[in-house]
Amino acid sequence: MGDARYYFSGDIDTKYYTEEFEKKLIEGTRQYYTTRAQVWLSYSVPEYVRQALKTLKEEEDRAEKFYPASKKVVIVVIEDTIIVKHHKFLASNENTGVNAML
C-alpha cells in the first residue's frame with residue numbers, strides 16, 4: 001500500500017479519482033435517491049419538498065467534508081433524481097401540488 005499522505009493530500013491522480021471513486025459515488029447516489037424518492041412520493045408535496053431540501057443540505061455538508069472535489073456533481077445528481085424527475089408530480093398533485101395552491 002502506498003503512503004497515505006499521497007492519497008489524501010490533494011495530489012491524487014484525478015483520472016483514478018474520477019474513474020474509480022467519483023463514478024461509483026455518483027451511481028450509488030443516484031440509485032439511493034431513486035429509491036428514497038419513490039418512498040417520498042407517498043408524502044404530500046410540502047412534505048416531499050421539506051425532505052428534498054433537508055436532504056440537499058445534508059448532502060452538501062457531507063460532500064464538503066468527505067469529497068469536496070465531487071460536491072457539485074453529486075448535488076446535481078441528487079437534484080435531478082429527487083426534483084427534476086418528479087417535477088410533474090410536484091406541480092400537478094391534485095391535493096397538495098403547486099397547481100392546487102394556485
Side-chain angles (χ1 to χ4, degrees):
M1 192 150 165
D3 182 356
R5 289 176 291 156
Y6 171 80
Y7 295 105
F8 298 104
S9 69
D11 296 332
I12 61 174
D13 176 359
T14 57
K15 182 178 177 186
Y16 180 81
Y17 177 89
T18 302
E19 292 177 5
E20 296 299 323
F21 175 74
E22 189 176 68
K23 184 176 177 181
K24 291 175 185 175
L25 173 67
I26 291 167
E27 186 54 37
T29 299
R30 182 176 289 115
Q31 288 175 358
Y32 177 77
Y33 283 110
T34 295
T35 301
R36 297 303 306 145
Q38 289 303 310
V39 171
W40 300 345
L41 288 172
S42 67
Y43 299 172
S44 68
V45 171
E47 184 57 33
Y48 187 104
V49 171
R50 274 191 289 278
Q51 189 62 48
L53 292 173
K54 177 183 171 199
T55 295
L56 285 168
K57 174 67 174 129
E58 291 171 350
E59 287 293 344
E60 284 177 355
D61 293 345
R62 185 174 296 115
E64 188 65 38
K65 185 175 184 179
F66 295 111
Y67 37 86
S70 300
K71 179 180 175 180
K72 287 181 183 179
V73 70
V74 167
I75 296 305
V76 167
V77 166
I78 295 169
E79 289 172 341
D80 181 62
T81 304
I82 67 176
I83 297 171
V84 175
K85 288 190 177 178
H86 300 290
H87 74 279
K88 289 182 182 177
F89 166 79
L90 297 171
S92 64
N93 182 287
E94 64 184 51
N95 297 317
T96 60
V98 173
N99 291 340
M101 293 185 252
L102 297 175

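Fair warning: this is a prediction, and the values are worked out from it, not measured in the lab.
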Check your understanding: Is E47 salt-bridged to R50, cutoff N-O under 4.0 Å?
Key -> yes
Check your understanding: For E60 and I75, what are the C-alpha separation, side-chain angles and deciding distance, and is it a side-chain contact (heavy atoms from CB on, under 4.5 Å)?
Key -> CA-CA 7 Å; E60 284 177 355; I75 296 305; 3.4 Å; yes
Check your understanding: Below 4.0 angstrom, N of the basic side chain to O of the carboxylate: do D61 and K57 qualify?
Key -> yes
Review point. At their closest point, which heavy atom of I83 faces which heavy atom of L90, and how far apart are they?
Key: O-CD1, 4.2 Å
Point to revise | Approximate separation, where rounding is to 0.5 Å, of Y67 OH and T29 OG1 | key: 5.5 Å
Check your understanding: Taking a hydrophobic cluster as the set of Ile, Leu, Val, Met, Phe, Trp and Tyr residues connected by side-chain heavy atoms closer than 4.5 Å, whether directly or through intermediates, do V84 and I26 fall within one such cluster?
Key -> no
Exercise for review: Please work out whether the ring planes of W40 and Y33 are parallel, tilted or perpendicular, with thresholds of 30° and 60°.
Suggested key: tilted
Practice item. For T35 and Q38, run side-chain contact (heavy atoms from CB on, under 4.5 Å): C-alpha distance rounded to whole Å, both residues' side-chain angles, the deciding distance at 0.1 Å, then the answer. Key: CA-CA 5 Å; T35 301; Q38 289 303 310; 5.8 Å; no
Point to revise | same_hphob_cluster(L53, Y32) at 4.5 Å side-chain heavy-atom cutoff | key: yes
Point to revise | Exercise: identify the closest heavy-atom pair between F89 and Y43 | key: CZ-O, 4.1 Å
Check your understanding: Nearest heavy-atom pair of R30 and T34: which atoms, and what distance?
Key -> O-OG1, 2.7 Å
Check your understanding: Quick one: side-chain hydrogen bond (donor to acceptor under 3.5 Å, both in side chains) pairs with a partner in residues 68-81, sequence neighbours left out?
Key -> Y17-S70, E22-S70, E64-K71
Check your understanding: Does V45 share a hydrophobic cluster with V39, counting links as ILVMFWY side-chain heavy atoms below 4.5 Å and allowing steps through other members?
Key -> yes
Review point. Hey, what do you get for CG (L56) to CD (Q51), rounding to the nearest 0.5 Å?
Key: 10.0 Å
Point to revise | Qualifying residues under side chain to side chain donor-acceptor pair (under 3.5 Å), relative to R62, sequence neighbours excluded | key: E59
